[in-house]
Amino acid sequence: MTRPRPARLVRGERATRDGIPEATVSRLPFYLQALTALAERGVATVSSEELATAAGVGSAKLRKDLSHLGSYGTRGVGYEVQYLIYQISRELGLTQDWKVVIVGIGNLGHALANYGGFTSRGFTVAALVDADARVVGETVAGLTVTGLDSLDQTVSSLGIQIGVVATPGPAAQEICDRLVAAGVTGVLNFAPCVLTVPDGVMVRRVDLATELQILAFHEQRRAAGRLAGEMPTEPQDLSEALGVIGEPRTTLTTSRAEAAG
C-alpha cells in the first residue's frame, strides 16, 4: 500500500510549480529600492534585519520572500548587496529595457513623462499619445506628442510592451482596448476605474484617491485610539467624575429638607 506523502512536502512542490507568490512579487521592488540605496552608500553586505527595516517589512517575511529567489544569505554575514540587486532585478525583468507609451498628456501625463526614475529602473518612455488636437505636436520631455489615431502604428513600430493610461475615467476602457489590440500586454492604469482585459494581459491600477482613503481610515482609527486613551479608566477618576455630576442633586435635596422644616 502506498503511504500518503506528508502535507508539508506537497505544499512545497505546489509552491515551486506555481512560482513566486504574488504578495512576494509586490514586495520585491521595495527590497530593490532599499538595496540600491545601500549600494550607493558603499555597503557590501546587509543582514536580513537591516534590510527588512529599510524596506518596512518583518525580517521573517523578508527571508521567506528571498528564499523564493533561491537566496538565503550567509549566516553571520547576511546578503551580498550587489548580487541580491542582480537577483531581484533579473526576477523583475529589469535586466532588459522595457518601452512604455503614455496615453493622456494632461497634468499627470506630463509629470509621468518627466519622471527621471523610469530610465534608471529599466523603463524607457518611448512615446506620448493624446486625443486632444491642441496637445498633439507639443514636445514633452523631449518627445513629440502624437495623435490617438496613430496609436497602433506607434506601438508596433517602436516595439512598445507597456501602456500607461493617464486619461479621464470615461475614456480609459477604450484606450486600454486599443493598447491591447495593438499588442501591449501590460497596462498601468491611473484612471479612476476598473479596466477589463483579456487573458494574458496584466493590469495594475494606481488609484491615488483610494490610497488617500486608506490613509484617512488609519488616521481616524489613530484619533479614536487617542480619544479612548484620554477617557478616565481608573476607579478613582470615575468616582471623581460621578461626584461632580452628583453635587447639584445633593444641594437640591438639602434645600427641600430645609424648606419642609
Side-chain angles (χ1 to χ4, degrees), residues 11-102 108 111-127 141-143 158-166 184-190 200-208 211 214:
R11 283 199 300 270
E13 288 183 356
R14 184 166 62 245
T16 301
R17 186 171 64 250
D18 294 342
I20 301 177
E22 187 67 29
T24 295
V25 175
S26 68
R27 288 188 288 269
L28 291 181
F30 297 107
Y31 302 152
L32 183 58
Q33 184 178 28
L35 287 163
T36 302
L38 290 170
E40 290 173 351
R41 287 161 39 199
V43 177
T45 59
V46 61
S47 70
S48 58
E49 289 77 11
E50 292 169 333
L51 181 54
T53 298
V57 302
S59 58
K61 181 177 292 184
L62 177 136
R63 286 192 293 270
K64 184 176 181 180
D65 286 343
L66 296 184
S67 71
H68 289 295
L69 278 62
S71 184
Y72 298 91
T74 303
R75 185 179 295 276
V77 177
Y79 297 92
E80 293 184 20
V81 171
Q82 288 293 351
Y83 181 62
L84 194 51
I85 287 176
Y86 165 74
Q87 281 187 300
I88 295 176
S89 297
R90 180 188 61 188
E91 202 62 51
L92 291 174
L94 303 183
T95 53
Q96 67 183 80
D97 184 51
W98 297 95
K99 293 185 178 180
V100 178
V101 57
I102 299 175
L108 177 58
L112 292 172
N114 283 286
Y115 176 56
F118 288 139
T119 302
S120 63
R121 299 185 185 186
F123 301 92
T124 298
V125 177
L143 294 172
L158 296 176
I160 290 171
Q161 303 105 328
I162 298 174
V164 176
V165 178
V184 167
T185 54
V187 177
L188 183 61
N189 177 31
F190 282 91
V201 177
M202 171 68 74
V203 174
R204 296 290 296 181
R205 184 182 178 192
V206 181
D207 191 332
L208 301 180
E211 297 302 323
I214 293 172

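Just so you know, residue 1 is the first one in the sequence shown, and it goes up from there. Just so it is clear, the model here is predicted, and its values are computed rather than measured.
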Between [X] and [Y], what is the shortest heavy-atom contact and its length?
X	Y	value
Ala126	Lys99	CB-CB, 4.2 Å
Ser26	Pro29	O-CD, 3.6 Å
Leu112	Phe118	O-CE1, 3.2 Å
Leu158	Ala127	CD1-CB, 3.9 Å
Val201	Val184	CG2-O, 4.3 Å
Ala113	Ala141	O-CB, 3.3 Å

* **Which residues share a ring pair (Phe, Tyr, Trp, His ring centres under 6.0 Å) with Tyr86, sequence neighbours left out** => none
* Asked: Is the CZ atom of Arg90 crowded by more than 12 outside heavy atoms at less than 6.0 Å?
  -> yes
Value rounded to 0.5 Å, distance of [atom1] in [X] from [atom2] in [Y]:
X	Y	atom1	atom2	answer
Leu28	Glu91	CG	CD	7.5 Å
Leu32	Arg121	CG	CZ	7.5 Å
Ile88	Gln33	CD1	CD	11.5 Å
Asp65	Ser48	CG	OG	12.0 Å
Thr45	Leu51	OG1	CG	11.5 Å
Asp207	Phe190	CG	CZ	10.5 Å

* Asked: Heavy atoms, side chains only, cut-off 4.5 Å: are Leu38 and Arg41 in contact?
  -> yes
* Verify side-chain contact (heavy atoms from CB on, under 4.5 Å) between Val125 and Tyr115, making sure each step is shown before the conclusion. => CA-CA 10 Å; Val125 177; Tyr115 176 56; over 6 Å; no
* Structure fact -> Paired with Leu188, the side chain to side chain contact (heavy atoms under 4.5 Å, CB included) test is passed by just one of Val203, Val165, Val206, namely Val206
* Let me see the working for Ile85 and Gln82 under side-chain contact (heavy atoms from CB on, under 4.5 Å), right down to the final yes or no. => CA-CA 5 Å; Ile85 287 176; Gln82 288 293 351; 4.2 Å; yes
* Give a yes or no answer on whether the side chain of Thr119 reaches the backbone of Gly116 with a donor-acceptor pair at less than 3.5 Å. => no
* **By side chain to side chain donor-acceptor pair (under 3.5 Å) - contacts of Tyr79 (at least two apart)** => none
* Quick one: side chain to side chain donor-acceptor pair (under 3.5 Å) partners of Glu80, sequence neighbours excluded? -> none
* To do: Verify side-chain contact (heavy atoms from CB on, under 4.5 Å) between Val57 and Phe30, making sure each step is shown before the conclusion.
  => CA-CA 9 Å; Val57 302; Phe30 297 107; over 6 Å; no
